[in-house]
Amino acid sequence: IHCCIHTAAVTGGRAATVPPGGDDPTLQLRLLTGGNSTQTAAALRPSRRSNVGGQERGDMNELVRCLPSPTLPGLHLPCLDGLDTYRGWLFKWTNYLKGYQRRWFVLSNGLLSYYRTQAEMAHTCRGTIPLATAHIEVGDTCHLVLTSGGRSYHLKATSEGECQRWVSALQQAKANATLLMHHSDDSGDEGPVPQEDRALTQGVLKTLASKLDDLSTCNELIGKHGAALQRSLSELEELRGSSESTDKVKAVNERATLFRITSNAMINACRDFLDVAESHSRRWQKALQHEREQRHHLEETIEQLAKQHNSLERAWRENPTSYTANPSPCPVFLAVGVERSQEGDASDENDEAEFFDAMEDSPAFITDTSGTNHMLRRTRRSRIPDKPNYSLNLWSIMKNCIGKDLSKIPMPVNFNEPLSMLQRLTEDLEYSELLDRAARCDSSLEQMCLVAAFSVSSYSTTVHRTAKPFNPLLGETYELDRLEEYGYRSICEQVSHHPPAAAHHVTSQRGWTLWQHITIDSKFRGKYISVVPFGNIHLQFHSSGNHYVWSKVTSTVHNIIVGKLWIDQSGDIDIVNNTTKDTCRLKFSPYSYFSREVPRKVTGVVEDREGTAHYILSGTWDDIMESAKIVDSSQGCGGSEGKQKTVYQTLQPKLLWKKYPLPDNAENMHFFSSLALTLNEPEEGVAPTDSRLRPDQRLMEAGLWDEANVQKQRLEECQRLERKKREVQANQALEEGQDIEGYQPLWFEKRTDETRENTYVYRGGYWEAKDRQDWSQCPEIF
């Protein structure tokens, strides 16, 4: 609640002390007001008229408003009238649907805050505009525009006079806030603190301590006079109707006046304390901001060092003999780093594996100097052409498609990104390093933590990616060969068109194999689009034989009609180790405007086959995941639905996964990650059905969207004709009593796995065909 407060009435910089018990109220009032109280006491004496509650009350209020406000000794601040408040109703522009909405604005201490109603001032502020850095512009017909921090606020008053009063108050508050900012910032942002600034700080601290003593004294006075007033009221109640009631009324009035004056002194002392604190808070905040910037700079430096260290470590792991034989400085630095890491593991008291995730560097060439033959590793591209700024009304296309499957809606490339769904599936391997680390784990529970982090990391690339990937054509494939860099290679194939389904298989030389069969069900619900993937992801480690199975959560794209598009992930992921029966349930909390939880929050518990919890997982799906080992658990208070809540005591959390930073200029390149930028890079020797060769997708990446739309329509029409041809052949076979054989994928086949699930698995042959460059079995789909 905003209240108008002034400096405390003190005597010589200290609160006046009043002798206890039965003192003359006039003396106490004189001490509180710091001057001669003859006239004050006369004004306080109640009139002998029967009406004792009218005129005296007006006199008391006038007296309280006229209390002196001496300045603090030793502190000289400029006279700032802008600290006074100004408030009232204004109309604020919200959006094109609601237009101008009435808001309650409060101008105080250089800040313009606004609320929906006056009642909201006690608990909810809808926004605050700092006037010190704001630009004030007066428009026509009662309009004014405030620009601050790159955002403009369009306001409208009810009349020209009201608009002029607001403009005057805003300009005065802006001038005062700027003056106060310059006054409080008398030491620079950097460098050592001068001696005079230290002395000033010490003086301010002493003044604040003095004002705290004043507040304590005023508090004692309020308690004392409040008790006396209560006693007088009780006596007056007992003597009602007697001859002594007039004298008692006088006593009650005097006690009430003294209590009011003391309360006002308490309020003034609070304002005095607040003024001193606010006058120096800006300088202290600048010093704190400088420390934060220095810390951020240090973190960035450490991050760059981690990238360089990771690059050297990967190069050494791929070919350690060449680096140990070469007497260059790089192997020496790498050996030192590895030796330190081993010492750190040996000195760990808990003998637990530390979960650290090194940052990935951008691909660079590495030369092998072990022999006379110099092999140059391929340099991957780090940028694509900028996205053109084409505008198109999404609602004009989507309004007739509510409730339909998005895969059946003809969409222009304006709403796509230049990647296919097969490439998006492959993008899950962005953090394959997590699986490499998991393959080296001896503990299945620690391995489960890393697998859970990998399952969460696949969503980190989607936080800004609201565009729709291309629907693959039936028989379309995509390969990703990263044996040299990361030790794996991947193959995807579109095995069904309606419903759209893709099969994916990855083999790694670093001890793991991953495969999945995913069917996408996407629905347009009017305000949002929900994408529900069906099917399981399988992961098996070669050395231990541990076989993990999990599924994906629901993705939702919001603000389809009005507003900025944003994406959210929600639901549960149940990860099961079919070998050891260990489990992990990850909960993706849906975003809520009213929730106090961290946005995009993910939590989970790792349990063994007996149901005993061993690790707590926490983080966000767009940035970080951590694990904490459980050392104790107890039953807490009752949770929701009558269930008893379990409270876990854990060790310090350890880092499992941290998102790589996006490349420079990513906002103009569809927010692609470093891996995504290379997925559509042309490569020689791939199958003729590879997504890199799809003409509409290639044209869109080059920025030729009109030509891409033409090619997209051509490919979709050819696919429809091919589908009708297969339906006619099936009907003829049915009429002739022959067996009907549906479409058969080229590189995958349907099987029933050990979990009794019908899924498409890799039948083999692709990489052998690539080595021979024999693509005679591939259909012509482009």
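Residues take their numbers from the sequence shown, with the count starting at 1. Remember, predicted model here, so these are calculated numbers, not experimental data.
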Exercise for the section: For V606 and K629, run side chain to side chain contact (heavy atoms under 4.5 Å, CB included): C-alpha distance rounded to whole Å, both residues' side-chain angles, the deciding distance at 0.1 Å, then the answer. Expected result: CA-CA 10 Å; V606 176; K629 186 175 179 60; over 6 Å; no
Handout entry: Evaluation steps, side-chain hydrogen bond (donor to acceptor under 3.5 Å, both in side chains), between E479 and S490
Key = CA-CA 6 Å; E479 69 160 72; S490 161; over 6 Å; no
Exercise for the section: Would you check if the side chain of D690 reaches a backbone N or O of L693 as a donor-acceptor pair within less than 3.5 Å? Expected result: no
Problem - Heavy-atom side-chain proximity of I624 to K659 below 4.5 angstrom - result: no
Completion exercise
d(L617 CG, L450 CG) to nearest 0.5 Å is 9.5 Å
Problem - Heavy-atom check, side chain of H464 versus side chain of L662, under 4.5 Å - result: yes
Practice task
I would like to know whether S691 and M421 meet side chain to side chain contact (heavy atoms under 4.5 Å, CB included); could you show each step before the answer?
Solution key: CA-CA 9 Å; S691 298; M421 180 59 71; over 6 Å; no
Handout entry: Lys/Arg cation over aromatic F415: K468, 6.0 Å, 45° cone
Key = no
Handout entry: Any donor-acceptor pair under 3.5 Å from R698 side chain to R692 backbone
Key = yes
Exercise for the section: Starting at CE of M700, measure out to NZ of K387 and round the result to the nearest 0.5 Å. Expected result: 7.0 Å
Exercise for the section: Using the side chain to side chain contact (heavy atoms under 4.5 Å, CB included) rule, take Y488 and S432 through it: C-alpha gap first, then chi angles, then the decisive distance, then the call. Expected result: CA-CA 9 Å; Y488 69 81; S432 62; 3.5 Å; yes
Exercise for the section: For side-chain hydrogen bond (donor to acceptor under 3.5 Å, both in side chains), just list the numbers for T620 and D623, CA-CA rounded to whole Å, side-chain angles, deciding distance to a tenth of an Å, and then say yes or no. Expected result: CA-CA 6 Å; T620 58; D623 183 48; 4.6 Å; no
Handout entry: side chain to side chain contact (heavy atoms under 4.5 Å, CB included) evaluation trace for L429 with E427
Key = CA-CA 5 Å; L429 302 173; E427 202 174 344; over 6 Å; no
Handout entry: Backbone N/O of L422 and side chain of T426: donor-acceptor pair under 3.5 Å
Key = yes
Exercise for the section: With sequence neighbours excluded, tell me which residues meet salt bridge (Lys or Arg N to Asp or Glu O under 4.0 Å) with K601. Expected result: E597
Problem - Results of ring-ring contact (aromatic ring centres under 6.0 Å, His included) for W512 - residues two or more places apart only - result: none
Exercise for the section: Determine, using ring centers only, whether H505 and W767 are less than 6.0 Å apart. Expected result: no
Practice task
Run the salt-bridge test on E485 and R380 with the 4.0 Å N-O cut-off and return the result as yes or no.
Solution key: yes
Problem - Centroid separation Y762 to W747 less than 6.0 Å - result: no
Practice task
Keeping the roles fixed (side chain from Q773, backbone from G685), state whether a donor-acceptor pair exists under 3.5 Å.
Solution key: yes
Practice task
For residues I575 and S455, determine if any side-chain heavy atom of one lies less than 4.5 Å from a side-chain heavy atom of the other.
Solution key: yes
Exercise for the section: Keeping the roles fixed (side chain from N577, backbone from Y548), state whether a donor-acceptor pair exists under 3.5 Å. Expected result: no
Exercise for the section: Could you check if a side-chain atom of T519 sits within less than 4.5 angstrom of a side-chain atom of P533, using non-hydrogen atoms only? Expected result: no
Practice task
Answer yes or no: is there a side-chain heavy-atom contact under 4.5 Å between T513 and H538?
Solution key: no
Handout entry: Spacing of Q569 atom CD and S458 atom OG [to the nearest 0.5 Å]
Key = 8.5 Å
Practice task
Consider only side-chain N and O atoms of S633 and T646, and report whether a donor and an acceptor are under 3.5 Å apart.
Solution key: no
Exercise for the section: Could you tell me if the ring centre of W566 sits under 6.0 Å from that of Y591? Expected result: yes
Problem - Pairwise side-chain contact, Y459 with D622, heavy-atom cut-off 4.5 Å (strictly under) - result: no
Handout entry: Positive for side chain to side chain donor-acceptor pair (under 3.5 Å) with E417, one of Q697, R465, H670, Q423
Key = R465
Exercise for the section: Go through Q540 and H547 one step at a time and tell me if the side-chain hydrogen bond (donor to acceptor under 3.5 Å, both in side chains) criterion holds. Expected result: CA-CA 4 Å; Q540 188 167 26; H547 181 187; 5.2 Å; no
Practice task
Could you list the residues that satisfy salt bridge (Lys or Arg N to Asp or Glu O under 4.0 Å) with D572, not counting sequence neighbours?
Solution key: none
Handout entry: Positive for side chain to side chain contact (heavy atoms under 4.5 Å, CB included) with W550, one of V451, L586, V576
Key = V451
